Amino acid sequence: MSILEQESFISSIHPFEDLTASQLETFVENIDIVYYKENEVLQAQESTPTHLFFILKGLVQEKQEGEVLSLYSNNEIFDSVSLIENYSKNSFITAQETICYTLPREIFIKTLHENQTLENYFFQSISEKLNSNINNEKNKEMANIMIAKVKDAKIHKAVIIDEEKTIFEAASIIKKEKVPTLLLKDKSGEMFIITDSDFRQKVILNRMDFDDKVIKIATKGLIYINEEDFLFNAQLIMAKHGLKRVVVKNEKNEISGILDQISLSSFFATNTFAVSNQIVNAETVEELKEASLSFIKIIKSLNAKGVKIEFIAKLINQLNKKLLDKLYKLLAPIELYEKSCLVVMGSEGRGEQILKTDQDNALILANDCTISDEELQEFTRKFTETLVDFGFPRCEGNIMVSNPYWCRRVSDFKDLIFTWINQPSPDNFMNLAIFYDAICVSGNMDLLTQLKKYLFGVADNSILFNAHFAKIITSFDVPLGFFDGFIFNNKDDKHKNEINIKKGGIFIIVQGIRSLSLEHKIFNTNTTKRIKTLSEKGVIDNELATELIMALNFLTNINLKSNLEKLDRNEKVDNYINPNNLNTMEKDLLKDSFKIVNKLKKKLEFHFKLNYV
């Protein structure tokens with residue numbers, strides 16, 4: 001390799017892109033290229049390490065007492081921890097012929113002390129590393145929507161007129177000021193908005209008199225956003241309310257301009273708004289289906305742009321809720337819609353489902369709902385079949401509105417909740433967990449709130465119930481060994497050398513936090529919001545709360561990344577990942593995330609006295 005190629009190779013490995021020009025030059029001047037045969041020891045266990053290794057080609061195993069803890073391959077480094085501690089806990093042995101660059105330890109340590117960014121990276125806490133990974137793993141050449149502020153986008157000038165202006169005068173002002181939108185303030189101080197489409201659709205098509213007062217075509221109920229807010233939040237607000245524009249205010253709470261959908265396009269190149277509008281304007285099931293098929297494209301686009309996983313989940317959750325609400329309104333008989341509550345549960349209820357997995361929904365009927373059993377059964381069957389056609393698979397556990405068990409009146413649901421709590425069994429605990437995560441997507445939300453309050457009342461202060469509910473986590477093992485090696489279920493030939501990241505990590509966090517939240521009567525369903533609420537109540541400390549949020553986001557992100565790759569290969573989406581497909585940093589962060597999961601597990605075992613249950 002030439003000097004330029006060597007510099008390019010080193011700076012391509014995170015975090016060495018943050019080396020200064022002189023530090024990168026020092027690295028290149030001091031590295032040696034070394035060839036190793038298969039099964040050659042590069043660094044012995046309990047030895048004093050001398051070099052940092054950059055693998056150009058080959059494969060190296062990290063071992064502890066013969067057990068393989070990790071693998072390192074092309075474009076990866078090892079072992080910074082040994083160099084910092086000046087002691088090698090494990091051995092590093094080539095698994096095949098390998099070529100490495102070796103950098104003397106003294107150069108590496110000296111550079112760490114000189115470069116604050118590198119020192120922070122190699123010495124930072126687990127949660128900081130997890131957060132740093134989220135910010136660095138995406139394409140650095142693409143602007144990250146998450147750091148763009150509203151004020152960074154093109155904001156149209158806010159022109160405010162009074163209610164005495166005529167249609168003709170308002171149109172003249174739009175032309176003169178070269179703006180697509182006007183704001184109107186009436187005598188009482190209420191604000192209205194007038195857009196160019198109002199002139200086309202209301203004035204021209206209705207043949208209105210140009211001397212009429214322009215307030216006749218104005219719209220009230222404006223939505224505001226602060227100019228210092230994130231641009232992505234503006235996108236969420238527009239998607240949620242089906243708007244094409246929001247009014248921007250400055251730090252003094254003064255109107256400073258108008259942000260429209262077109263202004264977002266340079267930062268946010270997805271068709272999210274179009275899909276949201278498509279859902280709102282759909283008049284048939286076929287039109288709604290067409291909109292639902294765009295979700296995967298949006299997810300891939302957002303993920304490629306570096307948008308954080310929790311915001312992707314939030315946006316997709318908003319679209320899913322709009323979709324289900326519209327479908328319910330299209331299909332439900334009037335007497336049912338006005339006397340019912342459609343809920344989604346599980347990961348979708350928590351706002352954590354991104355890719356379409358399966359249906360987890362239920363229907364709560366008011367006690368005085370008069371719909372006949374035959375008509376109800378016909379509707380629920382059609383609703384479930386339509387969702388299957390939209391790409392939402394049937395729930396293997398039959399947790400769907402088409403199952404009479406999950407479609408009943410409020411009084412019947414109360415009987416069910418009472419049974420779940422007072423007759424402990426694995427199925428009853430599972431059903432209770434699923435229902436506790438329920439949110440209303442259409443209909444009368446008060447029906448669900450009424451049942452949640454009843455649930456809290458029945459389970460109130462039952463130490464034994466809370467312990468049994470939390471004990472579910474003990475059925476799942478974190479796939480991390482005593483020496484930090486990954487543990488695989490080699491009895492499963494289909495998933496040999498793979499880890500079920502949901503069972504081994506995500507579920508334990510979700511169920512553990514769910515157990516604490518139920519004990520403290522928390523209405524939030526989203527796991528991150530539950531963690532923050534528990535932290536505010538002093539149930540878990542701030543450090544653990546931060547670590548749990550970061551670990552959950554990392555595990556979810558790794559799972560999404562793996563599943564998007566499977567979709568591209570037309571493979572079935574699942575929760576299995578192969579750690580050998582991850583780079584060194586991702587493998588280390590996966591281990592760190594599992595350590596946090598174990599930390600939570602131990603806390604729950606102590607808190608609920610699970611060893612005695």
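Computed from a prediction, not measured in an experiment: that's the story for all the values here. Note that these values count all heavy atoms, side chains included, but never hydrogens, waters or copies made by symmetry.
The environment of Lys453 atom NZ is sparse: at most 12 non-hydrogen atoms of other residues, nucleotides or ligands sit within 6.0 angstrom. Crowding of Lys503 atom NZ: a count of heavy atoms from other residues, nucleotides or ligands under 6.0 Å not exceeding 12. Atom CG of Leu205 has more than 12 heavy atoms from other residues, nucleotides or ligands within 6.0 Å.
Taking the six-membered ring where tryptophan is involved, the planes of Phe523 and Phe456 are perpendicular, since the angle between them exceeds 60° and thus also 30°.
Contact annotation: the side chain of Leu518 approaches that of Leu432 to within less than 4.5 Å [non-hydrogen atoms, C-beta and beyond]. Using a 4.5 Å cut-off on side-chain heavy atoms (C-beta onward), Leu448 and Phe435 make contact. With a 4.5 Å cut-off on side-chain heavy atoms, Asp574 and Lys566 count as touching. Here the side chains of Leu387 and Leu324 are in contact, with some heavy-atom distance below 4.5 Å. Side-chain contact between Phe413 and Val410: absent, with no pair of heavy atoms (C-beta onward) separated by less than 4.5 Å. Using a 4.5 Å heavy-atom threshold, the side chains of Ser517 and Ile513 count as touching. Within the 4.5 Å cutoff, side-chain heavy atoms of Ile296 are placed close to those of Leu564. Put simply, the side chain of Lys185 does not reach to within 4.5 Å of the side chain of Asp162, judged on heavy atoms.
A donor-acceptor pair is defined here as one N or O able to donate and one able to accept, closer than 3.5 Å; no such pair exists between the side chain of Lys213 and the backbone of Ile167. Remark: side-chain polar atoms of Lys452 are paired, donor with acceptor, to backbone N or O of Ala438 under 3.5 angstrom. A donor-acceptor pair is defined here as one N or O able to donate and one able to accept, closer than 3.5 Å; no such pair exists between the side chain of Glu547 and the backbone of Asn542. Using modelled atom types, one side-chain atom of Thr533 and one backbone atom of Lys529 make a donor-acceptor pair closer than 3.5 Å. Checked by atom type and distance alone, the side chain of Lys326 pairs as donor or acceptor with a backbone atom of Ala282 at under 3.5 Å. Asn206 contributes a side-chain N or O that, together with a main-chain N or O of Lys202, makes up a donor-acceptor pair within less than 3.5 Å. Side-chain N or O atoms of Glu348 include none that pairs as donor or acceptor with a backbone N or O of Asn317 at under 3.5 Å. Looking only at distances, no side-chain donor or acceptor of Lys249 sits under 3.5 Å from a matching main-chain atom of Glu254. Although no hydrogens or angles enter the test, the distance criterion places no donor-acceptor pair under 3.5 Å between the side chain of Asn403 and the main chain of Trp406. Between the Thr380 side chain and the Ser402 main chain, no donor and acceptor come within less than 3.5 Å of each other.
Glu177 has a carboxylate O that lies under 4.0 Å from a charged side-chain N of Lys157, or vice versa, which qualifies the two as a salt bridge. By the 4.0 Å N-to-carboxylate-O rule, Lys321 lies too far from Asp325 to be salt-bridged with it. Using a cutoff of 4.0 Å between basic side-chain nitrogens and carboxylate oxygens, Lys149 and Asp229 are not scored as salt-bridged. Ion pairing between Arg350 and Asp437 holds under the 4.0 Å rule for side-chain N and carboxylate O.
Phe379 has its ring centre less than 6.0 Å from the ring centre of Tyr328.
Distance check, rounded to the nearest 0.5 Å: CD of Gln359 to SG of Cys395 gives 8.0 Å. The CE atom of Met191 lies 7.5 Å from the CG atom of Leu184; values are rounded to the nearest 0.5 Å. Atom OG of residue Ser292 and atom CZ of residue Phe392 lie 6.5 Å apart, to the nearest 0.5 angstrom. To the nearest 0.5 Å, atoms CD1 (Ile501) and CG (Leu590) are separated by 5.0 Å. Interatomic distance, NZ of Lys322 versus OG of Ser276, reported as 4.0 Å (0.5 Å rounding). Note that CG of Leu259 is 13.5 Å distant from CD1 of Ile223, once rounded to the nearest 0.5 Å.
Nearest approach of Leu365 to Cys407, heavy atoms of both residues: CD1-SG, 4.1 Å. Here the closest heavy-atom approach between residue Gly349 and residue Thr525 is recorded as O-OG1, 3.0 Å. Minimum heavy-atom separation, Leu342 to Ala362: CD1-O, 3.6 Å. Considering all non-hydrogen atoms of both residues, Ile509 and Ala551 come closest at CD1-CB, 4.4 Å. Between Leu330 and Val285, the shortest heavy-atom contact is CD1-N, 4.1 Å. Summarising the geometry of Leu447 relative to Ile364, their closest heavy-atom pair is CD1-O, 3.8 Å, with the distance given to 0.1 Å.
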Task: Pair Ile399-Met345, side chain to side chain contact (heavy atoms under 4.5 Å, CB included): steps then yes or no - done: CA-CA 9 Å; Ile399 304 168; Met345 303 176 290; 3.5 Å; yes

TODO: Could you check Thr181 against Ile193 for side chain to side chain contact (heavy atoms under 4.5 Å, CB included), going step by step and ending with a plain yes or no?
DONE: CA-CA 7 Å; Thr181 306; Ile193 193 167; 3.4 Å; yes

Open item on the list: Does Ile522 form a side chain to side chain contact (heavy atoms under 4.5 Å, CB included) with Leu534? I'd like the steps, not just the answer.
Closed with: CA-CA 8 Å; Ile522 293 171; Leu534 289 167; 3.5 Å; yes

TODO: Please assess Lys252 against Glu227 for the test salt bridge (charged side-chain N to carboxylate O under 4.0 Å, His left out), listing each intermediate value before the final yes or no.
DONE: CA-CA 11 Å; Lys252 296 179 181 178; Glu227 64 184 10; over 6 Å; no

Open item on the list: Under the criterion side chain to side chain donor-acceptor pair (under 3.5 Å), I'd like the reasoning laid out for Glu352 against Thr527: C-alpha separation, chi angles, the key distance, then a yes or no.
Closed with: CA-CA 8 Å; Glu352 293 158 12; Thr527 303; 2.7 Å; yes

TODO: Take Ser442 and Tyr337 through the side chain to side chain contact (heavy atoms under 4.5 Å, CB included) test and state the conclusion after the steps.
DONE: CA-CA 8 Å; Ser442 194; Tyr337 181 77; 3.3 Å; yes

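Figure legend: cation-pi geometry between Arg408 and Tyr405, with NZ or CZ positioned under 6.0 Å from the six-membered ring centre and within 45° of its axis. In this structure, Lys414 satisfies the cation-pi test against Tyr454, with its NZ or CZ atom closer than 6.0 Å to the six-membered ring centre and inside 45 degrees of the ring normal. At least one test fails for Arg245 against the ring of Tyr224: distance under 6.0 Å to the centre or angle within 45° of the axis.
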